[in-house]
Each structure stands twice: as structure tokens, then as C-alpha cells.
Amino acid sequence: MMRAVRLHPPGGIDALSVDDVEVPRSGPGEALVRVHAAAITRDELDWPTDRLPAIVSYELSGTVEEISGHVGDLAIGDDVFALTGFDRDGVAAEHAVVPAAFLAPKPVGLSHVESAALPLAGLTAWQGLFVHGWLHEGERVLILGAAGGVGHLAAQLARWRGAYVIGTASTGAAELARGFGADQVLDPTTRFDESIEPVDLVFDTVGGDALVRSADLLRHGGRLVAVAEEPPPELAQRVHATYFVVEPDRQQLVELATLAAGGTLRPAIDSVFPMEDARAAFERVMASGKRGKVVIEVDHA
């Protein structure tokens, strides 16, 4: 048996509990991972699911304990991290079964807590900037929410790629955004669309009015990529707009781990909670004023 944080019907924070459940068994092409830390995401308790009760969290850092079938260069005892699929049980548990193809070596020099904070936000930033946004060296990018969970990693990645980085951040978070790589920081409550030169890419992580206004900043042929909400149809008719949901990708995690190990990329940690305080962890992740990821520490490895 093992401990796991599970969401029960009808859902919501009050429906969370730490339960004793059976250790899952790995199937062909899967690995059983002893989980050391699992990060949580705002609003994940509201994501649709038809399998309650369900284990929460979809990003982990841990150690491989068992492998089944051909799993490439993965070996028992390897420290790994991953974003798992959203169509299966989560990973806020003492053990989790993960497709081996999703597991990447844990970043050298990062703790399990830090490593668990990287997969979802890091992959979202990578895919938004480089896969869907086609950001190149020398281009200008506007990141809406440059001090947020995804935005702070996007600012660092855009700077690494050689782009000129403009970010929106509240007055209290402006210095943080600069520290993460923003060359210029704008107050999102002002008419920033009249204060800067055109940009090649808008990467939106906040949605709302800022998303709509940002389209006016795009130069001809520019791109808008959104992850917080789908751009309104009228906006999508005016500019090249893309909305996407992040997908697990081992090779991109390897790239992120290399950058993190070299000090180019660092995930911000807002707070760490033990499994027993899972409700408090979700209360924190949904509160305003966070500065980074909220992580559940399963053990102290």
C-alpha cells in the first residue's frame, strides 16, 4: 500500500484527502517511480474527469524503482522528472506509473522539489515560444504575465534564445520580471499598446483584456500564442493566433534540464507542503500573490 492525495466527488478542495491505496503496477513500456515531489497547478481540481476518486498532480520528480519491457536507456535507480498525461491518474503519491517515453533525467544540481516545479510550466513556455511561436534570435517578444508560473520561465527561455524580451508584471513583481530576463517591463493596467514598438510574437499566459489589446502590437506577419484562454474569434481573424494545451515531451525536458543544470533556467518555488497538508497547498496555489510553483514534497530524498 501507499499514500496518495486523491480528489473525491463532488470535487473541490474540501473533497481532497490523503488515502491509503494499492501501489500501481507498471505495464509494458512503463516505469514505476518512487515520487519525491509533485507540483500542482492552479485550477487543476476543476479539470474535467470521469474517474473520481483520482490522484492529483501531473508533474513529478523521483527515482525509477521498476521498469517493464523495452524502455530505452532508462534504468532502475535513475533520478527522473516528467510531465505525465492528463488522461490518467496523477502523481501526488508515494509511487506512480509513468510511460517511460515521458521520463527524462532529473536536472543536475536541482533538488527534487525544484525539478518537480519545472515540467508543466517549462514545457508550456518552450512549446509556446519555439514550437507554436517560432521565436528566433533578434526578434521582439511580449510575454503577458512575465513573473507568473509560465511567464517567468518563458522570459528566461526567450532571453536565452536571443530575443528582446518585453514583459507585463504588476508593480510589486516588476523587479522579479527583470531578474528573469525581461529587458522592459510594462504595467498591465496601463495602455501599454501605445508605449512600445511592434513585436514579432505575443505569448499570453494571463488572458482577458490584455490578450485582446496585445494584438495591436504585432507587426505584419507577427504571431500570437495563448495558453490561458482561446483568443476571441474576431481577434483570430485579424492576426495569426494559436491556442494550445501543453503536451508531454521527453526531448524538450532534456533541453530544459540542460539549461537548468547550466544555470540558464531556474524555476521559482513559492512554497512547499507535505502530503498531509494537500488542502493547504491547493489553497495556496489558487491564492493571489504567488511567486512561483507550489510543490507537494512526498519525502525528503
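Worth knowing before you read on, the calculation uses all heavy atoms, side chains too, and leaves out hydrogens, waters and symmetry mates.
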Closest non-hydrogen atom pair, [X] against [Y]:
{"X": "Ala155", "Y": "Val165", "result": "O-CG2, 4.2 Å"}
{"X": "Leu235", "Y": "Val212", "result": "CD1-CA, 3.6 Å"}
{"X": "Asp249", "Y": "Gln251", "result": "OD1-N, 3.1 Å"}
{"X": "Ala278", "Y": "Ile296", "result": "CB-CD1, 4.4 Å"}
{"X": "Pro105", "Y": "Phe81", "result": "O-CE2, 3.2 Å"}
{"X": "Leu153", "Y": "Gly122", "result": "CD1-N, 3.5 Å"}

Next item on the list: Could you check Leu201 against Leu142 for side chain to side chain contact (heavy atoms under 4.5 Å, CB included), going step by step and ending with a plain yes or no?
Entry: CA-CA 6 Å; Leu201 172 65; Leu142 171 62; over 6 Å; no
Next item on the list: Please assess Ile13 against Leu45 for the test side chain to side chain contact (heavy atoms under 4.5 Å, CB included), listing each intermediate value before the final yes or no.
Entry: CA-CA 8 Å; Ile13 290 178; Leu45 298 184; 3.9 Å; yes
Taking the basic N atoms (NZ, or NE/NH1/NH2) and the acidic carboxylate oxygens, is any pair closer than 4.0 Å for [X] and [Y]?
{"X": "Arg223", "Y": "Glu139", "value": "yes"}
{"X": "Asp20", "Y": "Arg3", "value": "no"}
{"X": "Arg238", "Y": "Asp216", "value": "yes"}
{"X": "Arg159", "Y": "Asp183", "value": "yes"}
{"X": "Glu66", "Y": "Arg25", "value": "no"}
{"X": "Lys293", "Y": "Asp270", "value": "no"}

Under 3.5 Å donor-acceptor, [X] side chain and [Y] backbone:
{"X": "His152", "Y": "Ala268", "answer": "yes"}
{"X": "Ser57", "Y": "Ala39", "answer": "yes"}
{"X": "Arg279", "Y": "Asp14", "answer": "yes"}
{"X": "Asp43", "Y": "Asp46", "answer": "no"}
{"X": "Gln156", "Y": "Arg266", "answer": "yes"}
{"X": "Gln127", "Y": "Thr124", "answer": "no"}
{"X": "Glu30", "Y": "Gly27", "answer": "yes"}
{"X": "Arg219", "Y": "Pro198", "answer": "yes"}

Side chains of [X] and [Y]: does their closest heavy-atom pair fall under 4.5 Å?
{"X": "Leu83", "Y": "Tyr58", "result": "yes"}
{"X": "Val298", "Y": "His36", "result": "no"}
{"X": "Val202", "Y": "Val225", "result": "no"}
{"X": "Leu157", "Y": "Leu265", "result": "yes"}
{"X": "Val141", "Y": "Asp200", "result": "no"}
{"X": "Asp209", "Y": "Arg213", "result": "yes"}
{"X": "Val246", "Y": "Leu120", "result": "yes"}
{"X": "Val206", "Y": "Glu229", "result": "no"}

Any link between [X] and [Y] through a network of hydrophobic side chains (Ile, Leu, Val, Met, Phe, Trp, Tyr) touching at under 4.5 Å?
{"X": "Ile67", "Y": "Val35", "result": "yes"}
{"X": "Val33", "Y": "Met275", "result": "yes"}
{"X": "Val113", "Y": "Leu110", "result": "no"}
{"X": "Ile269", "Y": "Leu118", "result": "no"}
{"X": "Leu144", "Y": "Val239", "result": "yes"}

Note to self: For the CD atom on Glu247, are there more than 12 heavy atoms of other groups (residues, nucleotides or ligands in this structure) within a distance under 6.0 Å?
What the structure shows: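 Counting neighbours around CD of Glu247, 12 or fewer heavy atoms of other residues, nucleotides or ligands fall under 6.0 Å, so no.
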Notebook entry, point to check: Would you say Glu137 has more than 12 foreign heavy atoms packed within less than 6.0 Å of its CD?
Noted result: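 No, the 6.0 Å shell around CD holds no more than 12 heavy atoms from other groups.
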Note to self: Could you walk me through whether Thr168 and Asp187 satisfy the side chain to side chain contact (heavy atoms under 4.5 Å, CB included) test, starting with their C-alpha distance in whole Å, then the side-chain angles of each, then the deciding distance to 0.1 Å, before giving a yes or no?
What the structure shows: CA-CA 6 Å; Thr168 65; Asp187 184 337; over 6 Å; no
Check: Only one of Thr41, Val295, Thr84 clears side chain to side chain contact (heavy atoms under 4.5 Å, CB included) with Glu59; which?
Finding: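 The single option meeting the side chain to side chain contact (heavy atoms under 4.5 Å, CB included) with Glu59 is Thr41.
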Checklist line | Derivation and outcome, salt bridge (charged side-chain N to carboxylate O under 4.0 Å, His left out), residues Lys106 and Asp78 | finding: CA-CA 8 Å; Lys106 183 180 78 68; Asp78 286 352; over 6 Å; no
Gap between atom [atom2] of [Y] and atom [atom1] of [X] - 0.5 Å precision:
{"X": "Arg140", "Y": "Leu218", "atom1": "CZ", "atom2": "CG", "answer": "11.5 Å"}
{"X": "Asp79", "Y": "Thr63", "atom1": "CG", "atom2": "OG1", "answer": "4.0 Å"}
{"X": "Ile166", "Y": "Glu197", "atom1": "CD1", "atom2": "CD", "answer": "8.5 Å"}
{"X": "Leu103", "Y": "Leu253", "atom1": "CG", "atom2": "CG", "answer": "9.0 Å"}
{"X": "Leu224", "Y": "Leu211", "atom1": "CG", "atom2": "CG", "answer": "5.5 Å"}
{"X": "Met2", "Y": "Asp19", "atom1": "CE", "atom2": "CG", "answer": "10.0 Å"}

Next item on the list: Could you label the plane-to-plane angle of the Phe203 and Phe244 rings as parallel, tilted or perpendicular, counting under 30° as parallel and over 60° as perpendicular?
Entry: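 Rings of Phe203 and Phe244: parallel, as their planes differ by under 30°.
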Next item on the list: Using the salt bridge (charged side-chain N to carboxylate O under 4.0 Å, His left out) rule, take Arg250 and Glu255 through it: C-alpha gap first, then chi angles, then the decisive distance, then the call.
Entry: CA-CA 9 Å; Arg250 181 185 188 276; Glu255 297 276 4; over 6 Å; no
Next item on the list: Please list, chain by chain and in numerical order, all residues satisfying ring pair (Phe, Tyr, Trp, His ring centres under 6.0 Å) with His8, sequence neighbours excluded.
Entry: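 Partners of His8 under the ring pair (Phe, Tyr, Trp, His ring centres under 6.0 Å) test: none.
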Next item on the list: Determine, using ring centers only, whether His132 and Trp126 are less than 6.0 Å apart.
Entry: no
Next item on the list: Go through the structure and list residues passing side-chain hydrogen bond (donor to acceptor under 3.5 Å, both in side chains) with Asp89, not counting sequence neighbours.
Entry: none
Check: Cation over ring, Arg161 on Phe130, under 6.0 Å and within 45°?
Finding: yes
Notebook entry, point to check: Going through the checks in order, is the side chain to side chain contact (heavy atoms under 4.5 Å, CB included) test met by Leu32 and Val23?
Noted result: CA-CA 9 Å; Leu32 179 68; Val23 175; 4.2 Å; yes
